[in-house]
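What follows is a set of notes on a single structure, which appears directly below.
So you know, we letter chains A, B, ... as the sequences are listed, proteins then strands, and number each from 1.
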Number of protein chains: 2
Amino acid sequence: MSRIRVKNEEKIIRAASRIFAENGYAATKTADIAELAQLPKPNIYYYFGSKEKLYRAVLESVTEPLLAASAPFIEYRDPVKALTAYIKAKLLISRDYPYASKVFASEIMHGAPHLPEDIIARLSEQTRTLSAKLNDWVGQGLMAPVNGHHLLFAIWASTQTYADFNWQITMALGKEELDDGDFDQAAEVITRLVIDGCRVKSLTEG
Amino acid sequence: MSRIRVKNEEKIIRAASRIFAENGYAATKTADIAELAQLPKPNIYYYFGSKEKLYRAVLESVTEPLLAASAPFIEYRDPVKALTAYIKAKLLISRDYPYASKVFASEIMHGAPHLPEDIIARLSEQTRTLSAKLNDWVGQGLMAPVNGHHLLFAIWASTQTYADFNWQITMALGKEELDDGDFDQAAEVITRLVIDGCRVKSLTEG
DNA sequence: GTCTATACGCAGATAGAC
DNA sequence: GTCTATCTGCGTATAGAC
């Protein structure tokens with residue numbers, strides 16, 4: 001694995017993330033990826049074999065950040081801290097991986113036809129862990145009796161929307177692009193909805 | 001405009017909504033639409049002229065329901081009633097127009113390249129009206145000081161997710177498909193988040 | 001390892017018979 | 001108004017020179 005290979009593969013993945021995000025899988029031309037990556041088209045095939053395999057490589061590149069975002073849920077015992085940190089982490093993914101997030105969203109929207117089984121399994125496992133924890137908190141009287149799954153869906157949707165529907169949001173806000181202040185406001189609103197809406201209690205201050 | 005024409009156009013639109021939703025614009029073959037509609041492929045072209053025009057017709061078919069969903073915001077003066085009804089209306093769109101909703105979402109996700117200007121204008125107008133009303137309520141002390149735009153984004157995202165990410169949700173719930181009970185639970189959770197989270201006050205019972 | 005030039009298949013669109 | 005048969009262009013993929 002030469003240094004040039006690693007470097008070129010990175011360039012291609014970065015370019016591909018963007019083109020796939022903007023156009024969707026079927027509508028993207030490998031020629032456009034090559035152009036953005038400033039490499040000849042056959043190099044794409046030399047490094048990745050096919051458009052399909054390149055696409056899967058892009059999908060896999062977001063998997064780790066996505067799974068890592070749930071770390072707060074494990075780390076913090078305090079429900080308020082855990083949920084606040086989780087919402088922030090999810091919003092940062094939308095901010096920092098806007099293209100990969102979109103590719104992932106598009107993939108899920110169409111029934112995950114290209115998503116490898118092992119990734120699906122890990123995401124499912126994560127879902128079970130998170131909703132179980134929410135239900136635990138409900139059982140311990142640490143929050144109002146809400147359905148953990150549906151609360152999770154609401155958190156996912158309202159954080160991911162800042163990447164997936166970026167176009168709509170920037171237009172509604174009358175901006176060119178979202179800045180850190182917008183993400184702060186988003187975090188404030190979503191956190192309030194969850195913490196106050198579900199009457200989540202802190203372990204330290206009752 | 002013969003009766004047969006109207007009937008065939010309906011059949012084609014219905015089939016197209018589904019195929020476009022499942023595969024995305026670029027990946028759908030007009031042949032597949034024709035097959036599902038049980039008509040020969042050239043009829044698609046006879047009635048709609050091109051794949052692109054057919055796609056736009058599908059987009060336009062959801063516009064009215066989408067705009068109509070905001071009626072509660074206008075009809076009800078009471079913030080609690082208005083928001084509760086709005087959330088319910090948005091969820092019903094996800095339930096009753098799952099395919100068209102997905103097509104619309106996919107279109108927005110990619111920057112609305114095919115969405116006619118006049119539809120964009122009407123949706124923008126609606127966005128302004130809704131966020132202005134939310135800000136009014138805040139100004140009148142009828143709800144906590146939340147940013148109207150971001151609250152709106154959260155409501156949109158968490159209701160549309162039941163159509164757009166249907167696959168993920170049914171999998172997480174371990175079901176084959178969502179039933180009315182699931183939508184009721186979704187409504188309950190989202191309504192709680194908004195009403196309790198933003199401390200929305202009812203006009204009648206303070 | 002890199003890239004120019006080319007093959008090949010698929011799917012959008014249509015000509016023209018009925 | 002309907003449909004069979006066909007054209008054509010575009011985009012994935014590769015052969016083969018360097």
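A/Phe48 comes within contact range of no nucleotide atom at all, as no heavy-atom separation falls under 4.0 Å. Residue contacts shown for B/Asn8 are limited to sugar-phosphate atoms, with no base heavy atom under 4.0 Å away. Heavy atoms of A/Pro40 sit under 4.0 angstrom from primed sugar atoms or phosphate atoms, though from no base atom. No engagement by B/Leu39 is indicated, since no non-hydrogen atom pair under 4.0 Å with the nucleic acid exists.
Distance NZ (B/Lys51) to C1' (C/dT14): 17 Å, rounded to an integer number of Å. Atom P of nucleotide C/dG12 and atom CG of B/Asp32 are separated by 9 Å, given to the nearest angstrom. With rounding to whole Å, A/Ile12 atom CD1 is found 12 Å from C/dG1 atom P. If you measure from atom CG of B/Leu54 to atom C1' of C/dA11, you get 15 Å, rounded to the nearest angstrom. Taking atom CD on A/Gln38 and atom P on C/dT2, their separation rounds to 15 Å, with Å as the unit. Atom-to-atom, NZ of B/Lys29 to P of C/dG12 comes out at 9 Å; the value is rounded to the nearest Å. Rounded to an integer number of Å, the gap from OH of A/Tyr55 to C1' of D/dG11 is 18 Å. Whole-Å rounding puts the A/Asn43 CG to D/dT14 P distance at 14 Å.
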Could you walk me through whether B/Trp137 and B/Phe73 pass the ring pair (Phe, Tyr, Trp, His ring centres under 6.0 Å) check? CA-CA 12 Å; B/Trp137 287 336; B/Phe73 251 87; 5.6 Å; yes
Using the ring pair (Phe, Tyr, Trp, His ring centres under 6.0 Å) rule, take B/His150 and A/Phe183 through it: C-alpha gap first, then chi angles, then the decisive distance, then the call. CA-CA 10 Å; B/His150 291 279; A/Phe183 280 94; 8.8 Å; no
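For A/Ile4, counting side-chain heavy atoms from C-beta on, the closest listed nucleotide (C/dA5, C/dT2, C/dG12) is C/dT2. Of all nucleotides listed (D/dC3, D/dA13, C/dG12), D/dC3 comes nearest to the side chain of B/Pro42. Listed nucleotides: C/dA13, D/dT12, C/dG1. Nearest to the side chain of B/Lys41: C/dA13.
With no hydrogens or angles considered, no side-chain donor-acceptor pair links A/Thr170 and A/Glu177 at under 3.5 Å. With hydrogens and angles left out, the side-chain atoms of B/Tyr25 and B/Glu107 include no donor and acceptor closer than 3.5 Å.
A/Tyr46 has a side-chain polar atom (N or O) that falls below the 4.0 Å cut-off from OP1 or OP2 of C/dG1. Between C/dA11 and B/Thr30, no contact under 4.0 Å exists linking OP1 or OP2 to a side-chain N or O. The side chain of B/Tyr45 places an N or O atom within less than 4.0 Å of a non-bridging phosphate oxygen (OP1 or OP2) of C/dA13. At the phosphate of C/dG12, neither OP1 nor OP2 sits under 4.0 Å from any side-chain N or O atom of B/Ser50. A sub-4.0 Å separation between OP1 or OP2 of D/dT2 and a side-chain N or O of B/Tyr47 is present.
In terms of modelled atom types and a separation under 3.5 Å, the side chain of A/Lys102 and the main chain of B/Met109 share a donor-acceptor contact.
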